[in-house]
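Reading through the structure tokens given below for one structure.
Counting starts at 1 for both ligands and their atoms, in listed order.
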Amino acid sequence: MNQDRLYADAQEIVTDFVFDERVASVFPDMINRSVPGYGTIINMIGTLAAQRVKPGSCCYDLGCSLGAATLAIRSAAKDDDFLIVAVDNSPAMLTGAREYLADKGQGPPVELICADIRDIRIRQASMVTLNFTLQFVPAADRSPLLQGIYEGMLPDGLLLLSEKIALPDELTQQLFTEMHHGFKKARGYSELEISRKRSALEDVLIPETLSCHTQRLHKVGFTTIEVWFQCFNFVSLLAIK
Ligand code: GEK
């Protein structure tokens, strides 16, 4: 696994974060050292898919990056009788996903699509995963995207939504941010790397509060909405149609 040193060089000018070749080449290391619980969430996506995905249906991995969730779904599948649709609009990520999945055994078929998830029509979905992807979609487009997902789901369909969240008050926001930075420091990131990455993400990753997420999911039509994982400002929700 290549180590993420993208923000270690103090001389380099910090520009907006993009999912390019440089990011794709260090992505597993970057996400594991930056997102608390990432491995647990990936494993649970596989477990949930094995329980919830119906024969003949589709299982979507939206913003699939290198395909970690797709691989977990495929590896945990009891049968090959459903289609996994994995979508990402970063060509570098999709190329990486294609290579990553190619030599990782058998399972249900996977359709890899290089596209914006806002342009994808969801059909016959028994499960949809948005694992730390919605936060990169412009805020105004989040409701229409979730509405499309809801409409394309089968009854009882499951949405797994993981997000970095904003806290409703300044004190908790500060506390959770410090805890997150402590998490990153313990995994070898320097103060400089943490602050440079933070600046790069500032206008790119737009977090919302947990109540904003749950209210929107209700508005779109989901009935059961529960948080199943939280580690400071990182949350994963389940929403059932
Ligand atoms: C994982 N889910 O490993 N359309 C398509 N893809 C997009 C869009 C969009 N509009 N916006 C962002 N992406 C993965 C991790 S990473 C999370 C997801 C992170 C893609 C983007 O190219 C990137 O690959 C992914 O969403 C977000 O379980 O880096 O924090």
To the nearest 0.5 Å, what is the distance between CD (Gln173) and CG (Asn233)? 6.5 Å
Applying a heavy-atom cut-off of 4.0 Å, say which part of [X] lies close to ligand 1: side chain, backbone, both or neither.
X: Lys164; value: neither
X: Ser34; value: neither
X: Ile42; value: side chain

Do NZ/NE/NH1/NH2 and the carboxylate oxygens of Asp116 and Arg118 come within less than 4.0 Å? yes
Side chain of [X], backbone of [Y]: donor and acceptor closer than 3.5 Å?
X: Lys54; Y: Ser126; result: no
X: Lys78; Y: Ala50; result: yes
X: Thr47; Y: Asn43; result: yes
X: Glu163; Y: Gln135; result: yes
X: Asn2; Y: Ser25; result: yes
X: His180; Y: Val35; result: no

Can an N or O of Tyr38 be found at a distance shorter than 3.5 Å from an N or O of ligand 1? yes
Polar proximity ligand 1 side, Val87 side, N/O cut 3.5 Å exclusive: no
Among Asn89, Asp119, Ile41, Thr133, which one has a heavy atom closest to atom 9 (C) of ligand 1? Asn89
Among Ser90, Gly63, Pro28, which one has a heavy atom closest to atom 14 (C) of ligand 1? Gly63
Counting only heavy atoms not in Arg33, do more than 12 fall under 6.0 Å of its CZ? yes
Identity and distance of the protein heavy atom lying nearest [atom]:
atom: atom 27 (C) of ligand 1; value: Phe132 O, 3.5 Å
atom: atom 28 (O) of ligand 1; value: Asn131 ND2, 2.9 Å
atom: atom 4 (N) of ligand 1; value: Ile117 N, 2.9 Å
atom: atom 29 (O) of ligand 1; value: Phe19 CE2, 3.2 Å
atom: atom 10 (N) of ligand 1; value: Asp116 OD1, 3.1 Å
atom: atom 22 (O) of ligand 1; value: Asp88 OD1, 2.6 Å
atom: atom 19 (C) of ligand 1; value: Phe136 CE1, 3.6 Å
atom: atom 16 (S) of ligand 1; value: Ser65 OG, 3.3 Å

Does the side chain of Asp61 come under 3.5 Å of the side chain of Thr129 through a donor N or O and an acceptor N or O? no
Is Ala115 near ligand 1, meaning one of its heavy atoms is under 4.0 Å from it? yes
Proximity flag Thr129 to ligand 1, non-hydrogen atoms under 4.0 Å: no
Residue pairs passing the ring pair (Phe, Tyr, Trp, His ring centres under 6.0 Å) test with at least one member in residues 120-150, sequence neighbours excluded, are Phe19-Phe136, Tyr150-Phe222
List ligand 1 atoms under 4.0 Å from Gln135, heavy atoms only on the residue side. 30 (O)
